[in-house]
Structure formats: C-alpha cells, structure tokens
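In what follows, chains are A, B, ... by sequence order, proteins preceding strands, each numbered from 1. Keep in mind that this is a model prediction, so the values were computed, not measured.
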Number of protein chains: 2
Amino acid sequence: MFSKATEYALRAVIYIAQKGSPENKISIEEISGAIGSPRSFTAKILQILRKDNRIIQSVTGPQGGFYMTEQHRKLPVRAILTAMNEDHILSKCVLGLHTCNELKPCPMHASYKKIKEQLIQLFETRTIAQLAHEMDAGTAFIKFLGKKKEKRK
Amino acid sequence: MFSKATEYALRAVIYIAQKGSPENKISIEEISGAIGSPRSFTAKILQILRKDNRIIQSVTGPQGGFYMTEQHRKLPVRAILTAMNEDHILSKCVLGLHTCNELKPCPMHASYKKIKEQLIQLFETRTIAQLAHEMDAGTAFIKFLGKKKEKRK
DNA sequence: ATAAATAAGGACAAAAATATCCTTAATTAC
DNA sequence: GTAATTAAGGATATTTTTGTCCTTATTTAT
Ligand code: FES
Ligand code: FES
C-alpha cells in the first residue's frame, strides 16, 4: 500500500512517540535497530519528518536525538502520510484514474467507495499517541523480522 | 495502492472483457488508446496476463488481437492481481511488517483488520464480468485523462 | 577551548519500476 | 507462396525508489 519510506516513517514515529521525550532522546542508531530499517535511509526519512517540526523534533550533539512533544503525539496518523507526501494514496482511484470521484467513476468505484471512506476515517481519527499506547500495552509489535543482510566482518 | 503495471492490467482486462470476443479481437493499439496507457508497456503486461491463458487469450496476425472467453470473465478481479504478482498487497501489513497476523500484530492491525477483510472480500467476490457490465451500462469509465507527453514532430 | 557525540545534508550508488525499440514468429488475405 | 498484419519476446533506456557514504554543523562534556 505505502512505499517503504512511508512504512519506515510510520514505524519510526510510533517508536519515537513511545520511547522518546525531551528528557530521553533517541538516536537514529536505536530507532533503525528497533524498527528494523536501514540506518542511513532512516536518517533521511527522519529529516523529512522533522522538517518545520511537523511530526518530530531533534537536537544534535551528545545526548541528542529524536523526540516528540505531547502536541505532536496528538496528531492523526494521517499527518505522517502527509509529511511523506503519500496522503493521496488513501483517496486514490484503485484503477489509477486521474481522479476518484462520483462524476467519472471507474468500474470499481461503487464497491470500493465505502472501503476508501473507512480507510480515510481510520488514518484521520487514530492518533500517533494511540498507536504508541498499543505498544506500551505489549499487545503490538513494530519490528520487521525479515531477511537481513548480515554485515561482513 | 497498486503499481502502474497492475493498474494498467486491471483497466486493460476490463476493456477486453467488455469489447473483446473470439469474433472481435482487440489490438494492443486500441487497448492502450482506450485506457490511456503507454503502448509497448501495455504489450508487456498483456503478455503476462496471457501467459498460460490465465486471464486473457490472443492470436497473432491480421484480425488478431486479444479477447476473453466467458470462463475468463467469471474470474474474480483478484485473479488479475495474482497474475500480476501483487495479490499480497491486499493482505499486507500496513506498516510493512513481514507478516500481518494476530500473533504479532502491528499497532495498526486491530483497527485495520476489518478494512483488510473487506478489501479481500471485494476483490474475491467481484468478477471481471461484473466490472465490464458497469462499463456497458455507461455508468463507469476507464480512461485516464492525465497529462500526456505530446509526441514531438 | 578542545574533543566527542550526534543529526543535517550533499553526493553518489544500486536496485526496481516504468517505458521504448527492434527483431522474430504466427496468422491471414491474396 | 508472398505480402501484410499483428502479438511475442529480447535488449535497452529512463526514471524513481531505495540505500550508502562522507563531510559539515551543532551541541555537550571536560
Ligand atoms: S474512480 Fe476508481 S476508485 Fe473511485
Ligand atoms: S500486522 Fe500490521 S496490519 Fe496486520
């Protein structure tokens, strides 16, 4: 559904929301380790999310790293998609027509419409904080355990 | 949601289902024109869909082209995704975890689960024929009218 | 002030997706 | 059988996405 970049973004933000605070900033190293994403690529994504302090914040230097404020945690998950410039995926036409709407609907539109609305609703109403809390509760996980390129020694 | 290749595949198959028959085969030229897709790329995709006569059929030569049998029209739309090797997108984890399941759910899982089930249901129960009929009824459209690269003269 | 730790950012590399072109094979019309 | 038409298939090109590496800037600790 989403690009890898956005998947990493979602996981990273949830992790930072759960573990990070102004008193306990999280390094890229820790984040990419915890969510199972490539370190440098993750750094790029965090840069995007930090831009204009949209989703996360950061400071350089020793004890530096990434963290979030309560206000940022209250953002809908959709804000992450918007920051990653993939918000349109939620409202896109399944068949790739230029616009998905009632005026020129594709043959899937009628049956897909309801699902689309639920999708948008989901990303719009669930907040980053809510997802982080699921992690706290220990009922959810966030680490990809796929084939991992082992580092040569 | 899907790759461009799969979007073109869905549109092309719906078009062939609607207009094509053993008596009236459709050329690549006509198909790509009708659905607004790049000609040669579309040819590749049609090749894949034709492989082992999975979704469509074809013959070469004059009056040749693509068409479908009634049996093929009865296939669920999901069969197209399977042929394009993107069936997994329907059941994939939103956050990109290796597997989406109850045992190791991601923080989005609980709320996404229902939507996922509806998505699968939709692609599993709707048939290619049904989509083609929506076209017949004139209530649905299939042509992408986006920015088109004008051919230089 | 200096050294160390850390993110920011630019340049580059690799891989995958998208797209085009050209030659070959199959079929049909004559 | 010959020419014309059409898809099949291979090779290649282009663009986008994913990923790495290196240098710079900022902050902290001493
Ligand atoms: S127009 Fe295709 S999904 Fe709405
Ligand atoms: S585990 Fe992530 S959506 Fe099911």
Who passes salt bridge (charged side-chain N to carboxylate O under 4.0 Å, His left out) against [X], sequence neighbours left out?
{"X": "B/Glu134", "answer": "B/Arg126"}
{"X": "B/Glu29", "answer": "B/Arg39"}
{"X": "B/Glu102", "answer": "B/Lys113"}

(message) Under 4.0 Å from OP1 or OP2 of D/dA7: is there any side-chain N or O of B/Arg50 that close?
(response) no

(message) Please determine whether a side-chain nitrogen or oxygen atom of A/Tyr8 lies at a distance below 4.0 Å from atom OP1 or OP2 of D/dG19.
(response) yes

(request) Before accepting this row, confirm whether a basic side-chain N of the pair A/Glu70/A/Arg73 lies closer than 4.0 Å to the acidic partner's carboxylate O. (result) yes

(message) I'd like to check the side-chain contact (heavy atoms from CB on, under 4.5 Å) partners of A/Ile120; sequence neighbours left out, ordered by chain and number.
(response) A/Arg78, A/Leu90, A/Ser91, A/Lys116

Measure from [atom1] on [X] to [atom2] on [N] and round the result to the nearest Å.
{"X": "A/Glu30", "N": "C/dT6", "atom1": "CD", "atom2": "P", "result": "11 Å"}
{"X": "B/Glu7", "N": "C/dA19", "atom1": "CD", "atom2": "C1'", "result": "15 Å"}
{"X": "A/Leu46", "N": "C/dA8", "atom1": "CG", "atom2": "C1'", "result": "12 Å"}
{"X": "A/Ile48", "N": "D/dT17", "atom1": "CD1", "atom2": "P", "result": "11 Å"}
{"X": "A/Glu23", "N": "D/dT28", "atom1": "CD", "atom2": "P", "result": "14 Å"}
{"X": "B/Gln57", "N": "D/dA7", "atom1": "CD", "atom2": "C1'", "result": "14 Å"}
{"X": "A/Phe41", "N": "D/dT16", "atom1": "CZ", "atom2": "C1'", "result": "11 Å"}
{"X": "A/Lys4", "N": "C/dA17", "atom1": "NZ", "atom2": "C1'", "result": "13 Å"}

Among all residues two or more places apart in sequence or in another chain, which pass the ring pair (Phe, Tyr, Trp, His ring centres under 6.0 Å) test with [X]?
{"X": "B/Tyr67", "answer": "none"}
{"X": "B/Tyr8", "answer": "B/Phe41"}
{"X": "A/Phe123", "answer": "A/Phe2"}

Could you go through nucleotides 2-6 of chain D and list every protein N or O atom that sits under 3.5 Å from one of its N or O atoms, giving the distance for each pair?
from: D/dT5; atom 1: O2; to: B/Pro62; atom 2: N; distance (Å): 3.4
from: D/dT6; atom 1: O4'; to: B/Gly61; atom 2: O; distance (Å): 3.3
from: D/dT6; atom 1: O2; to: B/Gly61; atom 2: N; distance (Å): 3.2

(request) Quick one: label B/Ala43 by what it contacts on the DNA or RNA (base, sugar-phosphate, nothing), any heavy atom closer than 4.0 Å. (result) nothing

(message) Base, sugar-phosphate or nothing for B/Ser40? Non-hydrogen atoms, less than 4.0 Å.
(response) base

(message) Within this structure, what is the CG-CG distance for the pair B/Leu131 and B/Leu10, rounded to the nearest 0.5 Å?
(response) 8.5 Å

(request) Quick one: pull up OH in A/Tyr15 and CD1 in A/Ile26 and give me the separation to the nearest 0.5 Å. (result) 5.5 Å

(message) Can you pull out the residues from residues 79-90 of chain A that lie within a 4.0 Å heavy-atom distance of DNA chain D?
(response) none

What are the atom names and distances for every N/O pair under 3.5 Å that joins the protein to nucleotides 9-12 of chain D?
from: D/dG9; atom 1: N7; to: B/Gln47; atom 2: NE2; distance (Å): 3.1
from: D/dG10; atom 1: N7; to: B/Lys44; atom 2: NZ; distance (Å): 2.9
from: D/dG10; atom 1: O6; to: B/Lys44; atom 2: NZ; distance (Å): 2.4

(message) Both B/Arg39 and A/Lys25 contact DNA chain D. Which one's nearest nucleotide lies toward the 5' end?
(response) B/Arg39

(request) May I have all residue pairs that pass side-chain hydrogen bond (donor to acceptor under 3.5 Å, both in side chains) and include part of residues 54-63 of chain B, sequence neighbours excluded? (result) B/Arg50-B/Ser58

(request) Under the side-chain hydrogen bond (donor to acceptor under 3.5 Å, both in side chains) rule, collect the residues that match up with B/Gln118, sequence neighbours excluded. (result) A/Gln118

(message) So if I take every side-chain heavy atom of B/Ser58 and compare against D/dT18, C/dA19, D/dA7, which nucleotide ends up nearest?
(response) D/dA7

